[in-house]
Amino acid sequence: MYAQVIVDVAHSEVDKIFEYSCPDDVKVGCRVKVPFGSRTLDGFVVGLSRTTDYPPEKVKSISSVFDELPALVPECFSLMERISSRFKVPKAVALRLFLPSEMRRGAVREIYKKYAKLGDMSVPISKTAKKQAEILEFLKDKPEYDYTRLCESFGRAAVNALEAKGAIVCERRRVMRDPFKGDEKTEPAKTLTPAQSAAVESVESVNKRVHLLHGVTGSGKTEIYLQLIAREIAKGKTAIFLVPEISLTPQMLAQLRARFKGEAAIMHSGLSAGERFDEWWRLRSGEAKIAIGARSAVFAPLENLGVIIVDEEHDASYQSETAPRYSTAEIARMRAEYNDCKLVLGSATPSVESFRLAREGVYNLISLPDRINARPLPEMIIADMRKEARRGNGSIFSLALREELDAALSAGNQAIIFLNRRGYSQKVVCRDCGYVAKCEQCDVTLTYHSEENCLKCHYCGNRYRMLPACPECGGMHIRYAGTGTQKIVSELTELFPSARIIRMDNDTVSGKDGHYKILSKFGKKEADILVGTQMIAKGHDFPSVTLVGVLDADMSLHFEDYRSGERTFQLITQVSGRSGRAEESGKVVLQTYCPENYILRYAVNYDYYGFYENEVRLRKATFYPPFALIVRVMATGTDKDLTVSALKGVFTEIDGLRQRDPAEFLFLNRMSSPVKKIQGKYRYQVLARLKSDVHLKEIYETAAKYTGKDVLVYVEENPSNLS
Ligand code: ADP
Ligand code: ZN
């Protein structure tokens, strides 16, 4: 037999198929080791043949085969072709997406355990072999017993002697590391409301590939997903369920485990490498049929998919920020086409792009305008912070928010205070000369962390000692500007001394289950107020929360990004959706410096349609996505001159495209990136706005051409972060 092999090297020069001779039992999809020049490399078998076009004596043979069951499912090869041609990455890089990284490095292995049980009882045991008799007695009423522990108790010699005689038989079996041991709750399916049933029926009966489930927060989308999955499982199919950031949604996980038990496998970065590997393997071997996870779970090793679900489809985390820079929905669509199955996108605030496709009839649009049991959406109160300042209120909290907090706490309810920015954004400024402390490796402002009394860079994680004096002018008037979650907590503690307050942001969350601990503490009502950043906006369901305060509702409006309005609308709707989800109705206080802003007005009125119509009109008039394509080509490297010259080359080629087809280019320029350096690497970029994607392939090819060992050049489409 001859095997066609792709070697696991991310380099365009070896991005070909090589041929090796191999034993007859090798299967397509197996991982192998192959001789390559003077080295031995890992590779993937992508095809097999009886004959070869090369002179057989010149064909080398495979060194070893890893898998009995091929690690790669057949679908991988079709997706590999599509991904590598779409994003101009080597085929090996595309294949890697389908394997857990710990498996590639060979860092974890499956665990095997040996078990012993009674065998042939007619075998004579010598009278002097006391231990052997004891072992037989011990095993008498046991179906089997752990071999290692048996040896520990009775001695290896006695155990082995019995095994050799056949008086006991031993068997080596694979055991799975179960990350959810002891989590044995069971939960039956809920009876669907008429609106939920109609949604499920619509997905089943409407003959379209993609379905957009637009349901307000608390409309019961989760139950719809679960029942869609259950129906496919009953038909003998499999399912993928994607959520934005799985560690932030422990309740969702608990719910899925309670409903589907061992049929669900969780692909979760918080698991240990071994657990992750075993969960992956449970999917590959067919033991588990439902893959649940964040972005990368779209590559779950499942065959025969019945449905793919993308919850909170608008979320920015679905965009990959490393090569290949895919959008999860696009990959999900490829898989849905391959498997001829349904793709369900769900959100309370669908992205403008998706909603437009639904409006135009490309997607099946399913709307759930009401909360479960007709519970009201929370009442929105706008607090104009300019007026507060004029009234002499210099605090972070408006009068309205203080009163509502007081009311919620007195009634024994819980509150969430949301800060619309990351971490603790206190920068360090010298009042004498205006010096601002920056990271040495990155072109970004450092942030002060009072708990550790140090300065941190949020891009590379570097820490710096607090400055006793200004390094520029020697002045002693160092000041901290800005508001962070720590400051909010300390002000809250002064205002409400008896309230129990917990904080959740990138600094308080660490370790495997950091999020889970904080969220479950709050869920068990061991705290009254939860203070946090973006991470607390996502789909939590805390029944006792009746108040949500958004401290700077307009903050994200000021980012220079065509999507800032959309992001603000989504964020306000999502955080507000945490309030009043159970019996008691909820309230939301939005603090803002621009209450007249149209985005805020649509958000306050829960007017997604108004927001959408307005946004689409604006983008159409100004030629922004979905009416255009924004492309950023980034060159980064540690050598400034090489980086600049690579970028120049890229620009010249793209400019050549423009000269040949000027009508396609709405905008083209090159510049240093807003953040000029990250982790010691310079960043220069070409920014283009195109009427369509007709030249996209050429742009990817240009980037690949200028990527070398010193400079990395990559393409981003409609990037959500332009820093
Ligand atoms: P969404 O994901 O749309 O924000 P959820 O799925 O979290 O909404 O549902 C909101 C609440 O309604 C949850 O507490 C959920 O348990 C409850 N719920 C959902 N469907 C039903 C149903 N059919 N019957 C009773 N309660 C339901
Ligand atoms: Zn840094």
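Order of listing sets the numbers, starting from 1, for every ligand and every atom in it. This chain uses plain numbering: 1 for the first residue, then up along the sequence.
Ligand 1 does not have L368 within reach: every non-hydrogen atom of the residue lies 4.0 Å or more from it. Taking a 4.0 Å cut-off on heavy atoms, S219 registers as neighbouring ligand 1.
Residue contacts with ligand 1, taken as heavy atom pairs separated by less than 4.0 Å, involve T222 via backbone and side-chain atoms alike. With a heavy-atom cut-off of 4.0 Å, R371 does not touch ligand 1 at all. Under 4.0 angstrom from ligand 1, the non-hydrogen atoms of T191 all belong to its backbone.
Per-residue contacts place V216 under 4.0 angstrom from the following atoms of ligand 1 (heavy atoms of the residue considered): 3 (O).
Polar contact check, T217 against ligand 1: no nitrogen or oxygen pair lies under 3.5 Å apart. Remark: ligand 1 and G215 share no N or O pair separated by less than 3.5 Å (distance only, no angle test). Here's the thing with G218: one of its N/O atoms is less than 3.5 angstrom from an N/O atom of ligand 1.
Closest heavy-atom approach to atom 8 (O) of ligand 1 among the candidates S347, G577, G220: G220. When the heavy atoms of I224, I372, L213 are ranked by distance to atom 12 (O) of ligand 1, first place goes to I372. Heavy-atom proximity to atom 15 (C) of ligand 1, evaluated over E223, K190, K221, Q574, is greatest for K190.
The closest side-chain heavy-atom distance from L242 to Y318 is below 4.5 Å. Side chains of R82 and I331 form no contact here, defined as non-hydrogen atoms less than 4.5 Å apart. Using a 4.5 Å cut-off on side-chain heavy atoms (C-beta onward), P378 and Y606 make contact. Between V589 and L547 there is a side-chain heavy-atom pair separated by less than 4.5 Å.
Aromatic rings of Y612 and Y609 (six-membered ring for Trp) have centroids beyond the 6.0 Å cut-off, not under it.
A distance-only check finds no donor-acceptor pair linking the side chain of Q591 to the backbone of V550 [under 3.5 Å]. Checked by atom type and distance alone, the side chain of R503 never pairs as donor or acceptor with a backbone atom of G532 at under 3.5 Å.
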Do Y602 and F569 pass the ring pair (Phe, Tyr, Trp, His ring centres under 6.0 Å) test, and can you show the C-alpha distance, the side-chain angles, and the key distance before you say yes or no?
-> CA-CA 8 Å; Y602 288 127; F569 183 87; 7.4 Å; no

